[in-house]
Structures are given as C-alpha cells and as structure tokens.
Enquirer: 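Sharing a structure below in structure tokens format, with a few things to ask.
For the single chain, residues carry numbers from 1 onward in sequence order. When reading the values below, keep in mind they use all heavy atoms of this one structure, side chains included, and skip hydrogens, waters and symmetry mates.
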Amino acid sequence: MEELPLAGTVVLLRDGDDGALEVLILRRPARGSFAGAWVFPGGLVEDADRASAESGQDAARIAAARECFEEVGVRPTDLVTLSRWIPPAQAPKRVGTWFFLAADPGGDIVPSPDEVVQWRWISPTDALAQHAAGRIELFPPTWVTLHELSRFDTAADAMTAASDAPTYATRLLPGDVFCWVGDAQHPDGGTGVHRLETAVRPWRYRRD
C-alpha cells in the first residue's frame with residue numbers, strides 16, 4: 001500500500017445521562033479540511049509525535065491524543081485502535097488516518113476557537129438521523145464509524161468490541177458510491193457488496 005501522510009483521530013465515548021452511548025463530535029470552520037462538517041477530534045501526525053513512536057500507528061495514536069487536547073481541552077488515555085482509512089485517488093488531499101476509541105477522561109470541554117465552531121455529545125443514532133435530515137454534514141469515515149457504533153448500548157460495549165481494526169481502502173465509484181475491500185468492484189478483490197451509497201439521503205451502507 002502506498003505511503004501517505006498520517007493522521008490520528010480519537011472517538012471519545014461516554015454513557016449519557018440515560019446510560020446510552022454518546023460520542024463527541026465537532027463542527028469545523030467553513031474553511032480548510034472538512035470545512036463545515038462534523039468530525040471527531042484529530043489531526044496530522046507531527047515530527048514530535050514520531051519521535052517516541054515505534055510505528056506509524058503509534059505515532060497516529062500519540063497525535064490523536066495530542067490533537068484532542070489541543071482542540072477540546074481533554075487528553076484521553078488508553079486509546080484502542082478502531083480502524084484505518086485510506087482516501088480514494090480522487091481526494092484533493094490524501095492522508096491515511098487511524099481512528100481510535102477512548103473513554104471520556106472527564107473535565108470540561110474547552111473548544112479551540114480556531115478549529116471548533118460547535119461541539120456536542122450525541123448518540124450515534126441521533127447523529128445519523130440529523131445527517132439524514134440535512135441538519136449536519138458528515139464525511140464517509142465519520143458516517144460509517146457512527147453507523148458501526150450505533151450497534152452498541154454503552155461505551156464499555158463499544159470499547160470491548162474493537163478488536164480487528166479493519167483498513168478501509170476507499171475506491172470511489174460512479175454515482176457517489178464509496179466501496180471497500182470485499183466489494184466485487186474493489187480492485188483489491190471481493191465477490192460481495194461493501195459500499196456506502198451517498199447520492200441521496202439517507203445514505204445507505206451495504207455489506208454482506
């Protein structure tokens with residue numbers, strides 16, 4: 001697989017007042033990468049992140065925790081690898097991104113005014129519903145992550161289930177379809193369906 005710049009993203013989890021799983025999402029300013037979209041805290045790996053890392057994945061983990069602190073004022077620990085995302089060839093800026101799960105360390109959220117316009121704790125199901133209604137914008141990696149997390153009742157359930165850390169090497173097909181390994185139209189092979197159809201809302205995730 002080609003070498004790309006690296007980034008780390010942390011999906012902070014907590015159990016809300018009703019005991020159900022919630023995640024922290026942020027809305028980016030209307031400029032730069034992911035302009036206006038709701039994302040998880042994270043950013044590019046820097047040289048200092050690599051200095052004490054044994055691998056690119058370790059550097060991404062360090063970057064994810066650092067960026068979370070810089071963006072919202074909390075520093076998570078014990079990050080659990082969730083997934084790896086490789087953007088399609090058509091992406092204007094291609095960065096390989098590791099996603100990690102972490103429990104909310106507590107403390108007040110203090111958003112960076114340069115990087116965070118809004119923030120909220122929200123259940124994955126509610127976030128997907130708001131996207132379907134056109135109230136928030138999501139990118140496919142965030143959408144799929146929320147979709148997968150919507151299966152879990154609590155933060156502990158989600159953390160326990162994160163074990164295989166799949167790689168999503170994305171291919172963009174006609175009709176605003178994103179597909180991954182396992183799909184018959186993916187160059188890395190497959191005989192089934194593994195794709196996200198985004199031409200109309202609600203988006204449709206199909207996997208067999």
Side-chain angles (χ1 to χ4, degrees), residues 7-29 33-43 61 64-65 67-85 97-112 115-166 168 178 180 194-198 200-207:
T9 289
V10 58
V11 185
L12 283 184
L13 306 177
R14 75 173 190 182
D15 295 333
D17 293 338
D18 61 356
L21 172 66
E22 292 182 339
V23 300
L24 181 70
I25 57 173
L26 324 170
R27 184 163 72 88
R28 294 297 189 202
S33 300
F34 308 109
W38 289 81
V39 299
F40 307 114
R61 179 182 285 105
E67 288 280 347
C68 187
F69 180 74
E70 292 174 1
E71 292 179 355
V72 297
V74 297
R75 190 186 298 276
T77 59
D78 301 322
L79 277 65
V80 176
T81 305
L82 177 65
S83 57
R84 182 188 182 199
W85 291 83
T97 304
W98 289 93
F99 278 47
F100 303 93
L101 295 180
D104 173 27
D108 294 334
I109 300 295
V110 182
S112 167
E115 299 185 83
V116 181
V117 175
Q118 292 176 278
W119 64 272
R120 67 182 69 166
W121 288 100
I122 191 170
S123 75
T125 300
D126 286 347
L128 294 172
Q130 291 201 27
H131 176 265
R135 298 190 186 99
I136 66 174
E137 295 299 325
L138 300 172
F139 277 72
T142 309
W143 193 100
V144 172
T145 300
L146 290 166
H147 179 272
E148 293 298 283
L149 290 174
S150 68
R151 299 182 291 123
F152 302 107
D153 294 327
T154 67
D157 292 340
M159 294 283 288
T160 300
S163 59
D164 57 348
Y168 291 81
F178 295 76
W180 298 285
H194 186 193
R195 58 181 57 192
L196 178 65
E197 299 167 353
T198 68
V200 297
R201 300 192 193 196
W203 289 358
R204 184 184 182 193
Y205 184 63
R206 299 173 58 202
R207 186 173 190 176

Enquirer: Short question: side chain of R61, backbone of L79 - any donor-acceptor pair under 3.5 Å?
Expert: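 Such a contact is found between R61 side chain and L79 backbone.
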Enquirer: Hey, does the side chain of D18 reach the backbone of A20 with a donor-acceptor pair shorter than 3.5 angstrom?
Expert: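 Here the side-chain-to-backbone pair exists.
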Enquirer: So does D17 have more than 12 non-hydrogen atoms from other groups sitting under 6.0 Å from CG?
Expert: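 12 or below, so no.
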Enquirer: Taking all heavy atoms of W203 and all of T198, pick out the closest pair and write down the distance.
Expert: NE1-O, 3.3 Å
Enquirer: Determine which pairs satisfy side chain to side chain donor-acceptor pair (under 3.5 Å) with at least one residue from residues 128-144, sequence neighbours left out, and list them in order.
Expert: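 Pairs touching residues 128-144 that pass the test: R120-Q130, E137-R201.
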Enquirer: Let me confirm one number: the CZ-OG1 distance from F40 to T9, rounded to the nearest 0.5 Å.
Expert: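 Going from CZ on F40 over to OG1 on T9, the span is 8.5 Å.
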Enquirer: What are the two closest heavy atoms between W85 and V144, and how far apart are they?
Expert: CH2-CB, 3.7 Å
Enquirer: Considering only heavy atoms from C-beta outward, does the side chain of L21 approach that of P124 to under 4.5 Å?
Expert: yes
Enquirer: If you count heavy atoms of other groups shown closer than 6.0 angstrom to CG of D157, is the number above 12?
Expert: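 Result for CG/D157: enclosed.
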Enquirer: Anything under 30° is parallel, anything over 60° is perpendicular, the rest tilted; go ahead and classify Y205 against W180.
Expert: tilted
Enquirer: Determine, step by step, whether D104 and L13 satisfy the side-chain contact (heavy atoms from CB on, under 4.5 Å) criterion, reporting the C-alpha distance in whole Å, the side-chain angles of both residues, the deciding distance to 0.1 Å, and the verdict.
Expert: CA-CA 6 Å; D104 173 27; L13 306 177; over 6 Å; no
Enquirer: Would you confirm whether D15, through its side chain, and A155, through its main-chain N or O, come within 3.5 Å as a donor-acceptor pair?
Expert: yes
Enquirer: Within this structure, what is the OG1-CE distance for the pair T154 and M159, rounded to the nearest 0.5 Å?
Expert: 11.0 Å
Enquirer: Compare every heavy atom of L82 with every heavy atom of L101, then report the nearest pair and how far apart it is.
Expert: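 In this case the closest contact between L101 and L82 is CD2-CD2, 3.8 Å.
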Enquirer: Please check if the side chain of E71 supplies one atom and the backbone of G42 the other of a donor-acceptor pair under 3.5 Å.
Expert: yes
Enquirer: If you measure from SG on C68 to CG on L12, what distance do you get to the nearest 0.5 Å?
Expert: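 Reported value, rounded in 0.5 Å steps: 4.5 Å.
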Enquirer: Can you tell me how far apart CZ (R195) and CZ (R206) are? Round to the nearest 0.5 Å.
Expert: 6.0 Å
Enquirer: Can you name the nearest heavy-atom pair linking A102 to P76, along with the distance?
Expert: CB-CB, 3.7 Å
Enquirer: Ring centroids only, cut at 6.0 angstrom: are F178 and H194 within range, meaning strictly under it?
Expert: no
Enquirer: Just wondering, do Y168 and S83 contact through their side chains at under 4.5 Å, heavy atoms?
Expert: yes
Enquirer: Look up atom CD in Q118 and atom CZ in R27, then write down how far apart they are to the nearest 0.5 Å.
Expert: 4.5 Å
Enquirer: I122 and V23: side-chain contact (heavy atoms from CB on, under 4.5 Å), yes or no, with the steps?
Expert: CA-CA 6 Å; I122 191 170; V23 300; 4.2 Å; yes
Enquirer: Looking only at heavy atoms, which two atoms of G107 and V74 are closest? And how far apart?
Expert: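 G107 and V74 have their closest heavy atoms at O-CG1, 4.3 Å.
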Enquirer: Looking only at non-hydrogen atoms, find the nearest pair between L24 and W119 and report the distance.
Expert: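 Closest approach of L24 to W119, heavy atoms only: CD1-CE3, 3.6 Å.
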